[in-house]
Amino acid sequence: MLNPPSSGSQAPEGAPAIADVLNGPQADAAAHVDGPMVVFAGAGSGKTRVITYRIANLLATHRVPPYRLLAVTFTNKAAGEMKRRLENLVGPELVRDLWVGTFHATCARLLRRHYEAAGLGKNFIVYDDDDQRAVMTRVYKDLRIDDKRHPMRQVMGRIQREKQDGLLAADFIPSNPIEAVVSRCFSAYEERLMAANAVDFDDLLIRVLRIVEDQQSSAGAELRRKFVHVLVDEFQDVNRVQYRLVRGLSHKTHNLFVVGDDDQSIYRWRGADVTIVRNFRKDHPDAKIVKLEQNYRSSANVVAAALGVIKPAADREPKELWTDNVPGDHVDVVACASERDEAAFVAERIRELMDAGVSPAEIAVFYRVHAQSRVLEEVLRSERIPYQVIGGVRFFERAEVKDLVSYLRVVSNPKSDVDLVRIINVPSRKIGDTTVEKLAAMASELGVSMFEAIEPLVRSDRLGTPAKKALAVFHTLMAQFTTIADTASPRELAERILAETGYVAMLEAQGTDEAEGRLLNLQELVGSIEEYEREALAAEEVPNIAGYLEKVALVAVTDELKDAPRVAMMTVHAAKGLEFSFVFLTGMEEDMFPFRSQDPSRSGDIEEERRLAYVAITRARLKLWILHAERRMVFGGTKYGMASRFIADLPRDVIAEKRTEVLRASAGRFIDRDGWGASSRSEPTRPGAAGAQGRLAWSHPQAGPAGGGATRPVTASGRSFEPGERYVERDDDAAPQGFRRRMPPDAPRPGGMVVGAKVEHKTFGIGVILEVDNAPDATATVKFSGWSPKRIKVRFLEIVREIG
DNA sequence: GAATGGCCCGGCTGC
DNA sequence: CGGGCCATTC
């Protein structure tokens, strides 16, 4: 039962009892409180609900103090959502002190308290992949290691694998010459990170784990008894370090509650070990086991399709997913001519859905790899369908964003050499590579950071006067920022850095649309700092740079998903844990999905690909399209692909096979018995005809130019969509208001710069104007051959041919 | 020391 | 195809 707590009146009136809200096994999982417990939660079986209610139950009924309760989620977004739901159940007071977060965020937070036990300085920073690579590049230089003989990718991969097992450099015993090199890099890398007062993602976990498992340290004892209950979501994707960690943290009470679905384990390449969840009961003989097997999310046809794909998987925890939901519409399996045809088909269906009143936020497009997003983006953009791409070139990986972040990091933690090197000459201040190398040499001679080495180097006789001067100027500048940081808010500091380093001026001087985009990104970054300040104040904390930087380092791709009315485009990996009413699963071809790496040493794991397909399918609530293309441009060349083996695993009776018109026009004049324009709803193509695997062997891949594939308007889940009034939804892009100086619509257009005009740009060549605004310093969207449409100031364009 | 162009090589998933 | 690195040139 869920009773409001006696003190305070946080719980809303009539908070429902668990039994009223959750169904049988869900209620079991939420209400049973003592000892270890594993919940095998099938896709769409309501596990988030179970965890939320369980926490609410622990807080409200069992009076567990919120600060003694740890819930680990897979993304920050999931953590935020869980908190929001809990606030509605038990009130914000209790939720504020809960520990809810990802493994990395939780460890970072714990490490902030116990940094000394980990041998770190107070303002340690978290290095991301880029930073790690930068450090390793230095290590390679120092140790004179040949990247050709020992590719950095491999060496770093090896180090990472060691760390995912909880091992650090000192634990690594090389057993051959190659491993000896790895070992040297490992040690040097670790030393550099320690010297920079930095940790990488794996360190965050390992450092905390080492404290937790240290029987001698008082910090360890504190952590081992800190939490009364530990809950872990998406447990199928934990690695061994994470498992040891939650075991250690729940050591005192053994109240370890984990929820997962071994069928959805898709991060093995990142160290996840699905056997951990499968063996949970062996490790914990007293564990209670609950299985949630009823799917509440998807139409019966979608569930059947998902089961068809996952059934052949080896080594599953036995379970039977089922549903009470209506069959709904068929799963459409659509054969396309090319990736453009595929994108056009997707765009058309989305258009129809939107015309029928479906919010774009209810629609998602999935792909196996980011590279597939480009064509989809181009087509959606030209169709004016609002979309957002999750992941890909991520916001915090953009050069200008990283630059500002690096400035902040150097101010917060001057020991961070990779950040110093990044910004020491951006904007250009005449400090070249040679000077930087001398600085690095000086630093290692003196055994100090590069920042600390600036003064001695300036006083030495190793530099010419101009270089000395430039360095001194830089040093003074940074010292100023450090002073400012003592009193100013993070946002003020960021703004002053942008202004006083000349960074903004540099971009403004460039005047290109690219530079303008960068300015917008910086604005957005400043905005995110502001947001952080608000959040910190709301949580009664003092906002500081270190706090902001930590947040920045730990954002997950899925955290970027905004609740905006836009179609979401993402990889299947990023889709985990999400759900959408309408889902397009693109690129279902052999070698694409299942993905096959060119590099045979990284041979893919078919089992994991299968689970990945299962995850993708189970995201759909009402309607699913599975698309595959005959030919696809891959890294410059055209690849002819067969339909994925997973398509052959779909039960025949739940799918409808279709082909786009482009494909029919190219390959099957006589296949199309209905004649052109007859618009048959489904065109059976029986992939089963070819071979035991039932794959369609493609025959005539000489389709015409890309265009709109078309089949009939779809019906979803019994609903039929009447052709609605067409409307155009503006893709208002990322540009916040105020940055685009819009003029009244009747303002004069710059001469000849109208839609359709042919123009020339000195970098992009000849292009056609797709769109132009009316400002005096107008911006046009131009399609240049070989480029996606670009926004460019018309003053950089020259008219080649006017529209008559 | 900076800017530009050409060449080569990699080629997924991401905290 | 595209990014990153290197060499050449100003």
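Values below: every heavy atom of this structure, side chains too, minus hydrogens, waters and symmetry copies. Just so it is clear: chains get the letters A, B, ... in the order the sequence lines come, proteins before strands, and each one is counted from 1. Since the structure is predicted, the reported quantities are computational estimates derived from the model, not experimental observations.
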* Over-ring placement of A:Arg112 relative to A:Phe124, 6.0 Å and 45° cut-offs -> yes
* **Distance below 4.0 Å between A:Thr571 side-chain N/O and B:dG14 OP1 or OP2** => yes
* **C:dG4 versus B:dT13 - spacing of their P atoms, nearest Å** => 14 Å
* Structure fact -> From CZ of A:Phe395 across to P of B:dG14 the rounded distance in Å is 19 Å
* **Side-chain N or O of A:His104 closer than 4.0 Å to phosphate OP1/OP2 of B:dG14** => no
* State whether a side-chain donor-acceptor pair under 3.5 Å links A:Asp273 with A:Tyr243. => no
* **B:dC15 base / A:Asp128 side chain donor-acceptor hit below 3.5 Å** => no
* Out of B:dC15, B:dA2, C:dC1, whichever nucleotide has its closest atom nearest the side chain of A:Phe201 -> B:dC15
* Going by heavy atoms in the side chains, are A:Val555 and A:Phe395 under 4.5 Å from each other? -> no
* To do: Check whether any side-chain heavy atom of A:Val365 lies under 4.5 Å from a side-chain heavy atom of A:Tyr387, and answer yes or no.
  => no
* Do A:Asn521 and A:Glu400 have side-chain N/O donor and acceptor atoms under 3.5 Å apart? -> yes
* To do: Kindly point out which of B:dC12, C:dG2, B:dC15 is positioned nearest to the side chain of A:Phe595?
  => B:dC12
* Nucleotide B:dC15, atom C1' - distance to CZ of A:Arg394 in whole Å -> 8 Å
* To do: Look at all strands and tell whether A:Thr75 reaches a base, only sugar-phosphate, or nothing, counting heavy atoms closer than 4.0 Å.
  => nothing
* Send over the distance from A:Asp273 CG to B:dC15 C1', rounded to a whole Å. => 17 Å
* To do: Identify which nucleotide among C:dC1, B:dG1, B:dT13 has an atom closest to any side-chain atom of A:Arg374, counting heavy atoms from C-beta outward.
  => C:dC1
* So, is A:Thr102 near the phosphate of B:dC15, with a side-chain N or O under 4.0 Å from OP1 or OP2? -> no
* Asked: Of all the choices, B:dG14, B:dC12, B:dC15, which nucleotide is nearest to the side chain of A:Tyr267 once you look at every atom?
  -> B:dG14
* For atom CG of A:Asp591 and atom C1' of B:dT13, their distance in whole Å -> 16 Å
* On DNA chain B, check which nucleotide each of A:Lys148 and A:Ala105 is closest to and give me the residue with the more 5' one. => A:Lys148
* Expressed as a whole number of Å, how far does the C1' atom of C:dC5 sit from that of B:dC12? -> 23 Å
* Would you state whether a donor and an acceptor, one from the side chain of A:Arg368 and one from the base of B:dC12, lie under 3.5 Å apart? => yes
* **N or O in side chain of A:Asn425 less than 4.0 angstrom from B:dA2 OP1/OP2** => yes
* Rounded to whole angstroms, how far apart are CE on A:Met152 and P on C:dC5? -> 9 Å
* To do: Whole angstrom is fine here: how far is it from CG in A:Leu554 over to P in B:dG14?
  => 16 Å
* To do: Mind checking A:Gln160 for me? I need base, sugar-phosphate or nothing, with any heavy atom below 4.0 Å counting as a touch.
  => base
* **Separation of B:dC15 C1' from A:Lys551 NZ (nearest whole Å)** => 16 Å
* **Whether A:Asp165 side chain and A:Leu167 backbone form a donor-acceptor pair below 3.5 Å** => no
* Structure fact -> When rounded to whole Å, the CG to P distance for the pair A:Asp433 and B:dA3 reads 13 Å
